[in-house]
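Since the structure is predicted, the reported quantities are computational estimates derived from the model, not experimental observations. All residue numbers in this chain count up from 1 along the given sequence. Whatever order the structure lists ligands and atoms in, that order sets their numbers, starting from 1.
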Amino acid sequence: MNKSFDMKRVAIFPGSFDPFTVGHESIVKRALPIFDSIIIMIGSNANKKSFFTVEKRQKWISQVFENENKVSIEVYEGLTIDFCKAKGAKYILRGLRTSSDFEYERAIAQVNKKMYPDIETVFLLTLPEHTPVNASIVRDIVLNGGDASMFLPKGLNMDEFKIENMN
Ligand code: ADP
């Protein structure tokens with residue numbers, strides 16, 4: 001019997017990434033051997049004000065993965081499962097830090113599964129050193145003029161994370 005193994009495993013990594021942190025970077029890099037491609041989906045919500053513009057968030061993530069051809073970045077406003085269907089993706093990638101992440105993620109994953117039975121959510125546990133890293137803490141540091149560079153991917157222009165350079 002001929003077996004066909006050419007089904008591409010496409011994963012969507014959805015999030016607000018406001019901004020993209022070392023925790024997010026680590027999850028994507030660790031997921032690369034599991035999937036054929038990963039689309040980082042910046043969820044944009046016209047009714048929710050973000051801290052960094054979607055253009056900046058997209059640019060920074062593109063810079064982090066500029067040499068990784070299995071990773072692409074897209075902005076999407078709508079249900080993650082609809083984006084998955086449009087991209088032929090059967091996997092949603094998420095990171096887990098704490099038990100409260102788990103409870104939150106469990107509900108989303110189970111609802112997504114109910115609405116789109118073909119989808120599987122794949123969770124990677126954060127590395128211990130990334131457990132406290134959280135985009136809202138990074139925003140607070142930036143807002144208060146602190147140095148958030150240790151929580152941000154290497155290679156980005158840290159001047160762009162200074163409050164005086166934001167508009
Ligand atoms: P959302 O607003 O949908 O929670 P985020 O941008 O905060 O989106 O995060 C996207 C995904 O990245 C989520 O699965 C989240 O749990 C995960 N994540 C965020 N920070 C970390 C971290 N430090 N380590 C591992 N996973 C993380």
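- The distance from the OH atom of Y104 to the OG1 atom of T98 is 12.0 Å, given to the nearest 0.5 Å.
- Looking at T131 next to ligand 1, no N or O pair under 3.5 Å apart turns up.
- Residue, atom and distance of the protein heavy atom nearest to atom 24 (N) of ligand 1 are T126 OG1, 2.9 Å.
- In this structure, the separation between CZ on R94 and CD on E105 is 4.0 Å, given to the nearest 0.5 Å.
- No option in R139, K56, R57 other than R57 meets the side-chain hydrogen bond (donor to acceptor under 3.5 Å, both in side chains) test with S50.
- Applying the 4.0 Å criterion to heavy atoms of P14 picks out, from ligand 1, the atoms 10 (C).
- Side-chain polar atoms of R9 and S37 form no donor-acceptor pair below 3.5 angstrom.
- Ligand 1 has an N or O atom lying under 3.5 Å from an N or O atom of H24, backbone or side chain.
- Of all atoms in ligand 1, numbered sequentially from 1 with element shown, those under 4.0 Å from a heavy atom of I27 are 25 (C), 26 (N).
- Expressed to the nearest 0.5 Å, how far CG of L124 lies from CG of L93 amounts to 5.5 Å.
- For atom 13 (C) of ligand 1, the nearest non-hydrogen atom of the protein is R94 CZ, 3.5 Å.
- Given atom 6 (O) of ligand 1, the protein heavy atom at minimum distance is F17 N, 2.9 Å.
- Contact atoms of ligand 1 toward V133: 20 (N), 22 (C), 23 (N) (distance under 4.0 Å to a heavy atom of the residue).
- Between atom CD1 of residue I38 and atom NZ of residue K29 there is a gap of 11.5 Å, rounded to the nearest 0.5 Å.
- In terms of protein heavy atoms, atom 21 (C) of ligand 1 is closest to R97 CD, 3.6 Å.
- Interface of E105 with ligand 1, defined as ligand atoms under 4.0 Å from a residue heavy atom, comprises 13 (C), 14 (O), 16 (O).
- Not a single N or O atom of G15, backbone or side chain, sits closer than 3.5 Å to an N or O atom of ligand 1.
- For the atom pair CE (M115) and CD1 (I81), the distance works out to 3.5 Å, reported to the nearest 0.5 Å.
- For the residue pair D18 / S16, no side-chain donor-acceptor distance below 3.5 Å is found, with atom types taken as modelled.
- The shortest N or O to N or O distance between N134 and ligand 1 is not below 3.5 Å.
- Scanning all protein heavy atoms for the shortest distance to atom 15 (C) of ligand 1 gives G95 O, 3.7 Å.
- Atoms of ligand 1 found under 4.0 Å from any heavy atom of F13 (numbered from 1 in listed order, with element): 11 (C), 12 (O).
- Between F161 and F52, the distance from one ring center to the other falls under 6.0 angstrom.
- Considering both main-chain and side-chain atoms, S16 comes within under 3.5 Å of ligand 1 through a nitrogen or oxygen pair.
- We find that E25 and K154 are not joined by a salt bridge, their nearest charged nitrogen and carboxylate oxygen being 4.0 Å or further apart.
- The distance criterion of under 3.5 Å between nitrogen or oxygen atoms is not met by L96 with respect to ligand 1.
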